[in-house]
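Predicted, not measured: the structure shown is a model, and the values here were computed from it.
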Amino acid sequence: MRKTRALPTWLIVTISVIFGLFYAYFVWNAVGFLAQAAGGAQQLNGYGWFVLLLAVVFPLIAFGVAFAAGWRRTWWQFALVLLTGLCVSALFWLNILTYAVGPSGVALLS
């Protein structure tokens, strides 16, 4: 027996595009921060590249996991799952900024 979807396709696309713009904002900020750090006076070491590239990839992974976990639920549950993934991405981004800009940020440079 096949289970029908809880949401029509247009509503899934609308909700995921709205939240996807916020996820894209985190990706855009991470790419900008990576470009700024890579073009600085001191070069990034391997660990620095890993951490800052992880900051670029993490929101994409979080969006994929949240989408996969919520697209078969009701609209408000789907939006809540995407919002939770967005909050996790925001927390991760703040941790990256705190680490990179704080006194521990020297570990990212060679």
Side-chain angles (χ1 to χ4, degrees):
M1 185 156 87
R2 186 175 163 186
K3 182 180 175 185
T4 60
R5 274 190 258 171
L7 295 175
T9 304
W10 68 268
L11 190 56
I12 292 172
V13 170
T14 303
I15 292 171
S16 42
V17 164
I18 290 170
F19 277 97
L21 290 173
F22 291 107
Y23 282 93
Y25 178 74
F26 284 118
V27 172
W28 184 257
N29 277 332
V31 167
F33 189 71
L34 175 64
Q36 183 182 13
Q42 291 182 323
Q43 295 295 318
L44 289 174
N45 59 17
Y47 179 64
W49 280 101
F50 172 74
V51 168
L52 295 181
L53 282 174
L54 188 62
V56 172
V57 175
F58 186 81
L60 301 172
I61 294 170
F63 179 77
V65 169
F67 185 87
W71 75 280
R72 291 185 185 236
R73 302 180 188 278
T74 60
W75 72 268
W76 65 271
Q77 290 173 334
F78 182 45
L80 190 63
V81 170
L82 287 174
L83 180 65
T84 302
L86 191 63
C87 290
V88 170
S89 294
L91 180 66
F92 186 76
W93 176 242
L94 286 175
N95 284 331
I96 293 293
L97 283 180
T98 302
Y99 183 75
V101 176
S104 302
V106 179
L108 301 176
L109 303 172
S110 53

Rounded at 0.5 Å granularity, tell me how far [atom1] in [X] sits from [atom2] in [Y].
X: Thr9; Y: Trp71; atom1: OG1; atom2: CH2; value: 8.0 Å
X: Phe63; Y: Ser89; atom1: CZ; atom2: OG; value: 10.5 Å
X: Leu21; Y: Trp28; atom1: CG; atom2: CH2; value: 13.5 Å
X: Ile12; Y: Phe67; atom1: CD1; atom2: CZ; value: 6.0 Å

Legend entry - Counterpart residues, side-chain contact (heavy atoms from CB on, under 4.5 Å), relative to Asn29 (two or more places apart): Tyr25, Trp93
Legend entry - Those residues that, when tested against Thr14, pass side-chain contact (heavy atoms from CB on, under 4.5 Å) (two or more places apart): Trp10, Ile18
Distance-only criterion, 3.5 Å: show the donor-acceptor pairs between side-chain atoms of residues 74-88 and protein atoms not counting sequence neighbours.
| unit_1 | atom_1 | unit_2 | atom_2 | d |
| --- | --- | --- | --- | --- |
| Thr74 | OG1 | Trp76 | NE1 | 3.2 |
| Thr74 | OG1 | Gln77 | OE1 | 3.2 |
| Gln77 | OE1 | Thr74 | N | 3.4 |
| Thr84 | OG1 | Leu80 | O | 2.8 |

Inset, instruction - Scan residues 41-61 for pairs that pass ring-ring contact (aromatic ring centres under 6.0 Å, His included), counting only residues two or more places apart or in two chains. - result: Phe58-Phe92
Inset, instruction - Identify the heavy atoms of Tyr23 and Pro59 that sit nearest to each other, and give their distance. - result: CD2-O, 3.4 Å
Legend entry - Nearest atoms (heavy-atom pairs only) where Leu34 meets Leu52: CD1-CB, 3.5 Å
Legend entry - Whichever hydrophobic residues join Val57 through chains of side-chain contacts under 4.5 Å: Ile61, Val65
Legend entry - Hydrophobic cluster partners of Val13 (side-chain heavy atoms under 4.5 Å): Val17
Legend entry - ILVMFWY cluster, Val51 and Leu94 together (side-chain gap under 4.5 Å): no
